[in-house]
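Side chains are part of it too, since the values below use all heavy atoms of this structure and drop only hydrogens, waters and symmetry mates.
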Amino acid sequence: MVDLARVQKELHECNRDVQVSGINVTLKGDSLTHLIGTIPGPVGTPYEGGTFKIDITLTDGYPFEPPKMKFATKVWHPNISSQSGAICLDILKDQWSPALTLKTALLSIQALLSAPEPDDPQDAVVAQQYLRDHQTFVGTARYWTETFAKTSTLAADEKIQKLVEMGFPEAQVRSTLEANGWDENMALEKLLSS
């Protein structure tokens with residue numbers, strides 16, 4: 001059984017210093033077992049300036065079993081599947097410890113963005129490019145960050161305006177869009193069902 005009191009405490013801890021770390025965790029729906037983590041792309045990497053969403057599912061064995069985490073935002077990285085978002089990181093597998101938290105896991109994922117491990121890849125094609133044609137890798141990673149991990153202010157404002165014109169309160173629209181990775185259709189479904 002998931003330790004819900006611990007999860008609530010972890011959510012509070014993650015979101016307490018979001019202004020400093022840029023890392024936060026929110027509920028995806030009503031359950032404390034399905035969450036969305038957000039990490040900023042590390043400075044000095046092709047991911048800089050991007051905001052990356054991580055889909056988090058807590059199994060019944062949490063915190064004694066690792067959380068299931070995968071990128072919801074598409075990312076070009078040797079240790080992250082460019083297709084499914086699966087993450088190759090030891091602490092999400094056999095090196096997990098109950099002493100670790102959602103925040104430490106997200107910090108580890110952020111560190112992985114800074115220091116890829118191409119010799120232990122999740123995505124062999126990306127790993128080969130990283131090793132054999134690093135300039136192309138950097139350019140592709142930057143392009144994917146620009147395309148998938150950045151929300152232009154204009155696009156965000158247009159999405160907010162469109163949903164507000166449908167009669168939803170702006171604050172609710174903004175928070176629902178943020179919680180759903182700025183996916184207008186998913187946000188509309190959530191707004192209609194609430």
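- Listed for the His12 side chain is no donor-acceptor partner under 3.5 Å among the backbone atoms of Gln8.
- Contact record, Ala105 with Leu92: CB-CD2, 4.4 Å, taken as the closest heavy-atom pair.
- Looking at heavy atoms from C-beta onward, Ile109 lies out of side-chain contact with Phe52 at the 4.5 angstrom threshold.
- The shortest non-hydrogen separation linking Val75 to Trp144 is C-CE3, 3.5 Å.
- Other residues, nucleotides and ligands place no more than 12 heavy atoms under 6.0 Å from the CG atom of Asp30.
- Side-chain contact of Gln129 with Thr136: a donor-acceptor pair under 3.5 Å is absent, judged by distance alone.
- With contacts defined as side-chain heavy-atom distances shorter than 4.5 Å, the pair Met166/Leu188 qualifies.
- Ring pair Phe137/Tyr47 is perpendicular by interplanar angle, where above 60° counts as perpendicular and below 30° as parallel.
- At distances below 3.5 Å, not a single donor-acceptor pair connects side-chain atoms of Ser84 with backbone N or O atoms of Ser81.
- When each of Thr26, Thr73, Ile39 is tested with Lys53 by the rule side chain to side chain contact (heavy atoms under 4.5 Å, CB included), just one qualifies, namely Thr73.
- Of the candidates His34, Lys68, Lys70, His34 is the only one forming a side-chain hydrogen bond (donor to acceptor under 3.5 Å, both in side chains) with Asp55.
- Counting only heavy atoms from C-beta outward, the side chains of Lys103 and Asp17 approach each other to under 4.5 Å.
- With hydrogens and angles ignored, the 3.5 Å screen pairs a side-chain donor or acceptor of His77 with a backbone N or O of Leu112.
- Hydrophobic cluster membership is shared by Leu58 and Leu4, with clusters built from Ile, Leu, Val, Met, Phe, Trp and Tyr side chains linked at under 4.5 angstrom.
- In this structure, Asn15 contributes its side chain and Val25 its backbone to a donor-acceptor pair below 3.5 Å.
- By the criterion of side-chain heavy atoms lying less than 4.5 angstrom apart, applied directly or through intervening Ile, Leu, Val, Met, Phe, Trp or Tyr residues, Leu27 is grouped together with Ile54 in one hydrophobic cluster.
- Leu177 and Ala187 make their closest contact through CD2-CB, 3.6 Å (heavy atoms, listed as atom of the first residue, atom of the second, distance).
- The CG atom of Asp120 sits 8.5 Å away from the CG atom of Asp90 when rounded to the nearest 0.5 Å.
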Give the intermediate values and the outcome of salt bridge (charged side-chain N to carboxylate O under 4.0 Å, His left out) for residues Lys162 and Glu165. CA-CA 5 Å; Lys162 199 181 295 183; Glu165 286 172 1; over 6 Å; no
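- Asn79 contributes a side-chain N or O that, together with a main-chain N or O of Glu117, makes up a donor-acceptor pair within less than 3.5 Å.
- Side-chain contact between Thr38 and Thr51 is present, with heavy atoms from C-beta onward closer than 4.5 Å.
- A donor atom on one side chain and an acceptor atom on the other are found under 3.5 Å apart for Asp123 and Ser82.
- Nearest approach of Pro121 to Ala127, heavy atoms of both residues: CB-CB, 3.5 Å.
- For the pair Lys93 and Cys88, the tightest heavy-atom approach, listed with the atom from each and the gap, is NZ-CA, 3.5 Å.
- In terms of modelled atom types and a separation under 3.5 Å, the side chain of Asn24 and the main chain of Val18 share no donor-acceptor contact.
- Among Ile56, Leu89, Ile91, Thr57, the one residue that satisfies the side chain to side chain contact (heavy atoms under 4.5 Å, CB included) test with Met69 is Ile56.
- The cluster map of Ile, Leu, Val, Met, Phe, Trp and Tyr, joined by side-chain heavy atoms under 4.5 Å apart, puts Trp96 and Phe64 in different clusters.
- Side-chain atoms of Pro40 and Ile23, non-hydrogen and from C-beta on, do get closer than 4.5 Å to each other.
- Residues Tyr130 and Val125 do not share a hydrophobic cluster, defined by chaining ILVMFWY side chains whose heavy atoms lie under 4.5 Å apart.
- Heavy-atom neighbours of Lys74 NZ from other residues, nucleotides or ligands within 6.0 Å: above the threshold of 12.
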Please determine whether side-chain contact (heavy atoms from CB on, under 4.5 Å) holds for the pair Gln172 and Leu163, giving the CA-CA distance in whole Å, both sets of side-chain angles, and the decisive distance to 0.1 Å. CA-CA 10 Å; Gln172 184 183 8; Leu163 292 171; over 6 Å; no
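- Using a cutoff of 4.0 Å between basic side-chain nitrogens and carboxylate oxygens, Glu146 and Arg142 are not scored as salt-bridged.
- Taken to the nearest 0.5 Å, the SG atom of Cys14 stands 9.0 Å off from the CG atom of Leu35.
- Of the possible donor and acceptor atoms, one in the side chain of Asp3 sits under 3.5 Å from a partner among the backbone N and O of Arg6.
- Between the CD1 atom in Ile80 and the CZ atom in Phe71 there is a gap of 4.0 Å [rounded to 0.5 Å].
- A donor-acceptor contact shorter than 3.5 Å is absent between the side chain of Glu170 and the backbone of Val164.
- A side-chain N or O of Glu10 and one of Tyr62 form a donor-acceptor pair less than 3.5 Å apart.
- One hydrophobic cluster, built from ILVMFWY side chains closer than 4.5 Å, holds both Leu131 and Trp76.
- Between the side chain of Thr104 and the backbone N or O of Leu100, no donor-acceptor pair lies under 3.5 Å.
- Atom OG1 of Thr176 sits about 12.5 Å away from atom CD of Glu184, to the nearest 0.5 Å.
- Looking only at distances, no side-chain donor or acceptor of Gln128 sits under 3.5 Å from a matching main-chain atom of Ala124.
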